[in-house]
Structures are given as C-alpha cells and as structure tokens.
Amino acid sequence: MPEGIVQEQVTAAIADAVAEAKRKGLLHSSSPPVCTVEFPKREEWGDLSSSVAMTIAKMEKRPPREVADLLAKQLEESCPFVDQVEVAPPGFLNLTLRRDFWFSVLHEIESKGETYGHSELVRGKRVLLEYVSANPTGPLHIGHGRGAALGDAMARVLRAVGYSVEREFYINDAGRQMNLLAASVYARYQEYHGSAVSFPEDGYQGAYIRTVAEHIAHTVGTQLLDLPLSEALEQCKVMACEELLEAIKQDLLSFGVGFDSWYPETRLFSSGTIRETLETLKQRDLVFEKDGALWFRSSRFQDEKDRVVCKQDGDYTYLASDIAYHHDKLKRDFDQLINIWGADHHGYVPRMQGVMQAFGYSKDRLQVVLVQMVSLLRGGRKVEMSKRAGEFVTLREVVDEVGADAAKFFFLMRRPDSHLEFDLELAKKQSAENPVYYVQYAHARLASLFRVAQNRGILVPPAGDANLTVLVQPEEFRLIKHLSSFPGLVEGCARALEPHRLTFYLQELAGHLHAFYYKHRVLPSREEGTTGPELDLGGMNADRGGVRAQESPSHELTTARLVLLRQVQTVIRNGLTLLGVTAPEQM
RNA sequence: GCGCCCGUAGCUCAGUUGGAUAGAGCAUCAGCCUUCUAAGCUGAGGGUCGCAGGUUCAAUUCCUGCCGGGCGCGCCA
C-alpha cells in the first residue's frame, strides 16, 4: 500500500509478471488481482514483499507456493531492478531490489521539493470541510481545539492529494443557546448597574460573561435598562455574539487554524432559505404536518424515526437549520461534504445522511468524522472540568501554556475516534520524551548541520552530481526506504481521513534520523587537517551499544550523506507542514 | 431496553482495510558525551490482542453471541 516511486514500479513489475505468466498459459484467472507491496516485518525478508501469489492461488485453486514460484521466476528473468526474489511460506514474494534503484527516491524528493508527498489521486474534486462550528457563547475549549487541529490538518492532507478544499465554520448564532447567552449577559449588565436580579437558570456562568456585559455597559451606558425586555435582550445577543465570535476568531488565529468561509445560521432565517427548503421537501412529501408541527420524514432513510423541524410554537428546530444549511452546501456544487463533529453527536449522523438522500444524493455525499473527548492531564493527574460551573480549560490557555505546535501535534497523535489524554507537562518537556520536540529537533538538527557545513565551505550538490553509491549502511537505507513510503502514507491519510498517521510516520522517520546521526559522522572531523581515510566502524561496533563510530568520512561520502539528509529534512518539513506544525531551523 | 464507538505490554496508544515470530512511546532496569545540537543513542524485561464460537491456506483485522467502559436515543444544540 505505500505508494511511492519505487513501490509503484515494483507493483507494475509484478502486474507485468502476472500478465506474462498468463500469456505463457501458466495462469488463467481472468480478473487481475490487486498487486500490492509492503515493507516486510523483518529486514532479512528483503526490501519489499507481496502477497499477490496467495490471492491468485485462491482464484486459481492452486497451491500458493506454486504460484509464488512461477511469479518469482518470471520477475527475476524480466525485471531489471529486481535483484532477487525469495519465496517464503505460505506464498510470500520477498523482493530484494538493486541497491542503486533506491536512490531514485532521493532524486524524486529533490525534484518535487515541498510537493513531495502530493499526488493527483483525485483531480480537482471539490470538498466542503466543516469543522469547529462552535456556538459563539464563549471561548473555545480543548475539545474544539482537537476538532480545529484535525480539520486544519485534514484540509492540508486532502489538498495534497488533489482535492480543492473549502474550510467552513458554521456559526451557530441562532436558537435557544443564544437566547440563554443574551439573558446571561443582560443579567450581568443589570448587576453592573446595581440592580439585584436573579440569574437565569442554566445560564452561562463563566466569568467572561461579566466582561462582555461590562463592555456593553461601557459602550451603551444605561440605555438598555430603559428598553423593553425583548429589545434589550436582542441587543445583548447581537453585541455579545459579535464580541465572542471575534474572540473565537482570535483564538483560532493564535492556534494557527484557518477558514475560508464563515457561515452564520441567522443568514438562513433572514434569507427565507429555511422556509423555502422545507417547502421543497414538503412538495415531495418528505416533510409533513402532524400534531401541529412539521416533521422531516427521516424514517424513509436510515433514521429510526421522523424528526420535528418546526415546533408547535412555530420555531424551527436546529434540524431545520441544518437541512437548509446542507442543502445550501449541495447547491454550491461540492462533490463531497465532510463534517467534523463531537462524538456525542453520532446519533445525528443517520438523519443528516438522510437529508442527502432527500435531495437525491447518495448518503455518502456527507461523511462525518466523529472526534472523541480530550482529557487534560498535568503530571499524570487529570484536570477536572465542569462545564456546568463554567470551569473548563480553554484552547487559549493550552496554547499559551504549551504553544500552538505542541498542542496541534498532541491533538493529532490519536485516531479521531479514540479518547485522547493530553499531558500538559509532557507537551512542554524539551526532551525526547516529547514527540513533537523529538520530531522538530530532528529537523533543527539537520538545519544546524547544514549551517556548519556551509561555514566550512562544504556544499551540498544536487543529487545528480553526487556519487550516491557510497551509501551502503543499513541506517542509510532505513532512511531511504522510509522516505519512499511518504506519498503513500499521505494518500492513506486522505483516504481514511486520518491525519494522525503522519505523527507516527514522523516519529519513526525522526527515530531513524537520530539513530543514523548518532552512529555515523557526516562532516569530516575537524582536527584532521587532511581528509582521513574512510574509517567507518559502524558495523563492527554493532555489538557495543552506544559506541559511536570514530569515522571521518571521505569527501565523497560526506557529499552523499548531505544529499540524503537534505531529502530527510524535506520530508520532515513536508510532513510537519501537513499537520500545520512548524519546522524550526533552530531550537 | 435499542443503537453507535471502544477493549492490544504496568500506562497511553499504533497496527497501512485478511498476511509471516503482534509494534511504538512513556515507565522500569542496564549502558553511552574530548566530536556535525546528549533537546540524542544502544540494550533488556514486559502479551491468552476482553471472552467464546464461526468464516479460510491465513483473523488483532470480517460475522455472531456474551462481558466490561463511554456516548446517544428531546418539538435542546
């Protein structure tokens, strides 16, 4: 599955071998099998392995071993870059490639540069990616932070494989929650002016409500006290919403998460879109009246029952807004809609996919990524939060404490659908225990190396001008092979909507880099006036842990290693960029 | 009660859509700095992949039933 320049060619070679075997009458099955290659679990099993023989054997009803043998023979005869093929039971093909074939990876990275990892998996398909979409009733909390980091990374990953992505924030500025906000703010406003009032039940308790109320008081003085209640509340709502939305935008800005468009729910009301959309559905009998209310016939699709869209009191439900909003998205001509939601909304997915069907699309037109909860830890202890009392840790607090890079990386270290434990102390640690520092340090370490090289007048030539064949160490090949699988990894992230795979990939790549870097020298030892002989004792020291090779590499080897490391640095940077994390030159 | 998600090393979690002797990071233990960043490296111990069946050459992965944890089943959002 790791598609890259090497993997692609090997996959094609296997497919050719299968076709050739058919021509010779050795194989018969009509449907061509999917020829996949993967890195074997053990290095002694070769460079790449494939299980195609087993799949074919099934179709042909023949022993896997037999099929594997004939494909192995075919590959060894006709494929120029395959050095050797071993067949391992029950029918694996273990391929060893010509060493120099791997160097094509380095040329590839150099020529692609910051687009290495990008592809044209889907060409120009349009995606609307909706995430965060918080109520403007308070600051973003860490749960929003996870959604924000995920959405931002997902947008980057999808763009990398060819999607045209629009990132949208749906502003939930209508409905009961906003009325509650208005009532809370108005109560604080009255308090500020000395009136003793009872605070609304279920009102927003947070201290920020007082701040907002004070700002309003400073702006309009006592004016609101003289207005009819409904008018005063309306004004509180508008002003509070504006201020809190602005704060949300600022929080996202300092977190480094961007949007292309902001879509207010209130627009759906004022423009009459909701009424029109429901009317359309009513004509198709997908919306109907019962018990003095309007219902969406979602049971027609995969929902367990029908749902109210317009209440007996005449107010629309949130579902009505969402139907209109998603109809609008569809009208904007996107090929795919993707929403990132908190996992507690999972029951809502079937009815929204029903909305897709109601408008004549497949339910898969809408994909929903569910994000699980975040628990904050401080030194291994859980930080208790109570939303009810308005005590929750905000995204801003976390970003201020650990930095945007660490916060994003930590949010992206787990599968979306799995609970996340976020250890604040760990995220701040400046050591190898902290994954984000470990990866960023790998990048900075290389940057530093290139600076030293430059100061000594050592140039890094284009890959084409270096003699790469002097790269023979296992640590060097581990790096090259890992680099080769990057494009396939990005594709996998896009297909599965799982950017977290990148964090694992980068930790592995950084690990290979640090291991190489510790064991092998790149630049010649400074003390030696002349370039000493190649004394690479790496292999000989293998049995003594932690002993560095006292090598002083030849000019040729220095050059080749610098070329290799240049590409490692590029891939680390590209990977971090896809996560929205910076790749520092210095730490 | 019904539905969805999760259950993998002491802890937190990966496992590329069914492949080989199940991995990583913490934590524990034992080592490594005259050197290009030790913000780093090497090694060791640690497993009934929740349990029981089924599907097949092959199951952590797919199916069924249990057990345990989380969430959802509003004319709330």
Side-chain angles (χ1 to χ4, degrees), chain A residues 1-2 36 38-42 45 49 51 54-55 57-58 63-65 88-92 94 135 137 172 174-178 291-295 304-305 307-313 315-319 321-322 342-350 370 372-373 377 380 413-415 417-421 423 426 429-435 437-438 440-442 444-453 456 485 488-489 491-493 495-496 498 500-501 503-504 507-508 511 514-515 517-519 521-527 541-542 544-548 550 552 558 586-587:
Chain A
M1 174 71 185
T36 56
E38 57 187 8
F39 289 123
K41 286 186 182 171
R42 294 161 170 263
W45 292 342
S49 74
S51 59
M54 271 115 75
T55 331
K58 187 163 198 163
R65 177 79 204 218
F92 287 100
N94 288 338
N135 277 322
T137 54
N172 276 287
R176 200 180 106 83
Q177 299 305 317
M178 292 305 292
D291 303 333
L294 270 186
W295 299 69
E304 42 200 21
K305 55 183 174 186
R307 310 285 174 176
V308 170
V309 289
C310 187
K311 301 186 270 184
Q312 285 176 338
D313 63 11
D315 284 349
Y316 292 120
T317 64
Y318 58 93
L319 180 59
S321 301
D322 276 337
D344 53 343
H345 288 64
H346 66 79
Y348 198 53
V349 176
L370 298 170
Q372 277 289 359
M373 286 178 40
L377 302 181
M413 282 200 302
R414 301 284 175 253
R415 249 173 41 223
D417 201 1
S418 140
H419 285 245
L420 171 71
E421 296 209 341
D423 194 321
L426 179 61
K429 255 189 199 155
Q430 306 202 346
S431 73
E433 298 157 58
N434 180 352
Y437 274 85
Y438 186 77
Q440 286 186 314
Y441 174 54
R445 203 176 201 188
L446 291 176
S448 164
L449 173 70
F450 294 130
R451 281 194 297 272
V452 173
R456 293 207 214 159
S485 66
L489 179 96
E491 281 192 19
C493 289
R495 260 190 241 274
E498 291 183 349
H500 75 275
R501 296 180 189 184
T503 63
F504 287 87
Q507 288 179 79
E508 283 165 15
H514 289 309
Y517 198 85
Y518 182 83
K519 191 163 171 185
R521 280 199 67 85
V522 177
L523 305 178
S525 297
R526 202 147 199 190
E527 294 72 32
N541 284 335
R544 291 197 54 198
V547 175
R548 288 193 206 221
Q550 300 292 308
S552 181
T558 291
Q586 238 173 357
M587 288 174 78

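Throughout, protein chains are lettered first and strands after them, A, B, ... in sequence-line order, and every chain is numbered starting at 1. Note that the coordinates shown come from a computational prediction; the quantities given were computed from them, not determined experimentally.
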Could you tell me the separation between the OH atom of A:Tyr517 and the C1' atom of B:rC36, rounded to a whole number of Å? 4 Å

Distance between the P atoms of B:rC6 and B:rC62, in whole angstroms? 9 Å

Distance check, P atoms only: B:rU60 and B:rG53, in whole angstrom units. 14 Å

Looking only at atom C1', what distance separates B:rG18 and B:rU61, rounded to whole Å? 7 Å

Quick one: does A:Gln586's side chain get under 4.5 Å of A:Ser448's, heavy atoms only? no

Kindly write out the residues that satisfy side-chain hydrogen bond (donor to acceptor under 3.5 Å, both in side chains) with A:His346, not counting sequence neighbours, or none if the list is empty. none

Side chains of A:Lys311 and A:Thr317: closer than 4.5 Å at any heavy-atom pair? yes

Using the side-chain hydrogen bond (donor to acceptor under 3.5 Å, both in side chains) criterion, which residues pair with A:His345? Sequence neighbours excluded. none

Looking at A:Asp315, is its backbone amide N or carbonyl O close enough to the side chain of A:Asp313 to form a donor-acceptor pair, meaning the two atoms are under 3.5 Å apart? yes

Using a cut-off of 4.0 Å on non-hydrogen atoms, how would the nucleic acid contact of A:Phe450 be classed: base, sugar-phosphate, or nothing? nothing

Please measure how far the P atom in B:rA22 lies from the corresponding atom in B:rC13, and state the result in whole Å. 23 Å

Between the protein and nucleotides 2-8 of chain B, which nitrogen or oxygen pairs are less than 3.5 angstrom apart?
{"unit_1": "B:rG3", "atom_1": "N2", "unit_2": "A:His346", "atom_2": "NE2", "d": "3.1"}
{"unit_1": "B:rC5", "atom_1": "O3'", "unit_2": "A:Asp417", "atom_2": "OD2", "d": "3.4"}
{"unit_1": "B:rC5", "atom_1": "O2'", "unit_2": "A:Asp417", "atom_2": "OD1", "d": "3.3"}
{"unit_1": "B:rC5", "atom_1": "O2'", "unit_2": "A:Asp417", "atom_2": "OD2", "d": "3.3"}

Under 3.5 Å, which N/O atoms of the protein pair with N/O atoms of nucleotides 19-22 of chain B?
{"unit_1": "B:rA20", "atom_1": "OP2", "unit_2": "A:Lys41", "atom_2": "NZ", "d": "2.1"}
{"unit_1": "B:rA20", "atom_1": "N6", "unit_2": "A:Ser49", "atom_2": "OG", "d": "2.9"}
{"unit_1": "B:rA20", "atom_1": "N6", "unit_2": "A:Asn94", "atom_2": "OD1", "d": "2.9"}
{"unit_1": "B:rA20", "atom_1": "N1", "unit_2": "A:Asn94", "atom_2": "OD1", "d": "3.1"}
{"unit_1": "B:rA20", "atom_1": "N1", "unit_2": "A:Asn94", "atom_2": "ND2", "d": "3.0"}
{"unit_1": "B:rU21", "atom_1": "O2", "unit_2": "A:Arg42", "atom_2": "NH2", "d": "2.1"}
{"unit_1": "B:rU21", "atom_1": "N3", "unit_2": "A:Arg42", "atom_2": "NH1", "d": "3.4"}
{"unit_1": "B:rU21", "atom_1": "N3", "unit_2": "A:Arg42", "atom_2": "NH2", "d": "2.7"}

Expressed as a whole number of angstroms, how long is the span from A:Phe39:CZ to B:rG15:C1'? 16 Å

Test of understanding: with salt bridge (Lys or Arg N to Asp or Glu O under 4.0 Å), list the residues that count as partners of A:Glu421, not counting sequence neighbours. none

Backbone N/O of A:Leu420 and side chain of A:Gln372: donor-acceptor pair under 3.5 Å: no

Taking only residues two or more places apart in sequence or in another chain, which ones pass side-chain contact (heavy atoms from CB on, under 4.5 Å) with A:Arg42? A:Glu44, A:Trp45

Taking atom C1' of B:rC36 as reference, at what distance in whole Å does atom CG of A:Leu446 sit? 10 Å

Mind checking A:Ala453 for me? I need base, sugar-phosphate or nothing, with any heavy atom below 4.0 Å counting as a touch. nothing

The criterion is side-chain hydrogen bond (donor to acceptor under 3.5 Å, both in side chains); which residues satisfy it with A:Gln507, sequence neighbours excluded? none

As a test of the definition: with a 90° window around 0 for syn, would you call B:rC33 syn or anti? syn

Minimal heavy-atom distance between A:Tyr438 and A:Gly511, with the atoms involved, is OH-CA, 3.0 Å

Quote, to the nearest angstrom, the C1' distance that separates B:rG74 from B:rU56. 47 Å

Fill in the dot-bracket string of RNA chain B, one character per base: . for unpaired, | for a pair to another strand, ( ) or [ ] for pairs within the strand, taking Watson-Crick or G-U pairs under 3.5 Å. (((((((..((((.....[...)))).(((((.......))))).....(((((..]....))))))))))))....

Can you name the atoms? Protein N/O to nucleotides 24-29 of chain B N/O, anything below 3.5 Å, with the distance.
{"unit_1": "B:rA27", "atom_1": "OP1", "unit_2": "A:Glu433", "atom_2": "OE1", "d": "3.3"}

How close do A:Ala343 and A:Leu370 get, heavy atom to heavy atom, and via which atoms? CA-CB, 4.0 Å

Rounding to an integer number of Å, can you tell me how far A:Met413 CE sits from B:rG15 P? 14 Å

Quantified in whole Å, what is the P atom distance between nucleotide B:rA24 and nucleotide B:rG70? 31 Å

Can you figure out which of B:rA14, B:rA39, B:rG40 approaches the side chain of A:His500 most closely? B:rA14

Using the closest heavy atom to pick a nucleotide of RNA chain B for each, name whichever of A:Arg501 or A:His514 lands nearer the 5' end. A:Arg501

If the C1' atom of B:rG23 is compared with that of B:rU8, how far apart are they to the nearest Å? 10 Å

Set of residues satisfying side-chain hydrogen bond (donor to acceptor under 3.5 Å, both in side chains) with respect to A:Glu433, sequence neighbours excluded: A:Lys429, A:Ser431

What one-letter contact string describes nucleotides 44-50 of chain B from 5' to 3', where B marks a base within less than 4.0 Å of any protein heavy atom, S marks contact via sugar-phosphate atoms alone, and - marks no contact? -------

Atom-to-atom span, CD of A:Gln430 to P of B:rG40 - whole angstrom: 10 Å

Write down the atom of A:Arg414, the atom of A:His419, and the distance for their closest heavy-atom approach. CG-O, 4.4 Å

Taking every non-hydrogen atom, the tightest pair across A:Leu426 and A:Asn434: O-ND2, 3.1 Å

What I want to check is whether an N or O donor and acceptor connect the side chain of A:Arg495 with the base of B:rU16 at under 3.5 Å. no

Spacing of A:Lys519 atom NZ relative to B:rU42 atom C1', expressed in whole Å: 9 Å

All N/O pairs under 3.5 Å across the protein-nucleotides 74-77 of chain B interface:
{"unit_1": "B:rG74", "atom_1": "OP2", "unit_2": "A:Lys305", "atom_2": "NZ", "d": "2.9"}
{"unit_1": "B:rC75", "atom_1": "O2", "unit_2": "A:Gln312", "atom_2": "N", "d": "2.8"}
{"unit_1": "B:rC75", "atom_1": "N4", "unit_2": "A:Gln312", "atom_2": "NE2", "d": "3.3"}
{"unit_1": "B:rC76", "atom_1": "OP2", "unit_2": "A:Lys311", "atom_2": "NZ", "d": "2.6"}
{"unit_1": "B:rC76", "atom_1": "O2'", "unit_2": "A:Arg176", "atom_2": "NE", "d": "3.2"}
{"unit_1": "B:rA77", "atom_1": "OP2", "unit_2": "A:Tyr318", "atom_2": "N", "d": "3.1"}
{"unit_1": "B:rA77", "atom_1": "O3'", "unit_2": "A:Asn172", "atom_2": "OD1", "d": "3.4"}
{"unit_1": "B:rA77", "atom_1": "N7", "unit_2": "A:Tyr318", "atom_2": "OH", "d": "3.3"}
{"unit_1": "B:rA77", "atom_1": "N6", "unit_2": "A:Tyr318", "atom_2": "OH", "d": "3.2"}
{"unit_1": "B:rA77", "atom_1": "N3", "unit_2": "A:His345", "atom_2": "NE2", "d": "3.3"}

Taking all atoms of both residues into account, what is the closest heavy-atom pair of A:Pro63 and A:Ala57, and its distance? C-CB, 4.1 Å

For A:Leu449 and A:Leu523, run side chain to side chain contact (heavy atoms under 4.5 Å, CB included): C-alpha distance rounded to whole Å, both residues' side-chain angles, the deciding distance at 0.1 Å, then the answer. CA-CA 9 Å; A:Leu449 173 70; A:Leu523 305 178; 3.8 Å; yes

Choose from B:rA14, B:rC41, B:rA39 the nucleotide whose nearest atom is closest to any side-chain atom of A:Arg414. B:rA14

Decide, for B:rU21, between syn and anti: a glycosidic angle within 90° of 0 counts as syn, anything else as anti. anti

Quote, to the nearest angstrom, the C1' distance that separates B:rA38 from B:rG19. 40 Å

Can you identify which nucleotide, out of B:rU42, B:rU12, B:rG40, has its nearest atom closest to the A:Tyr518 side chain? B:rG40

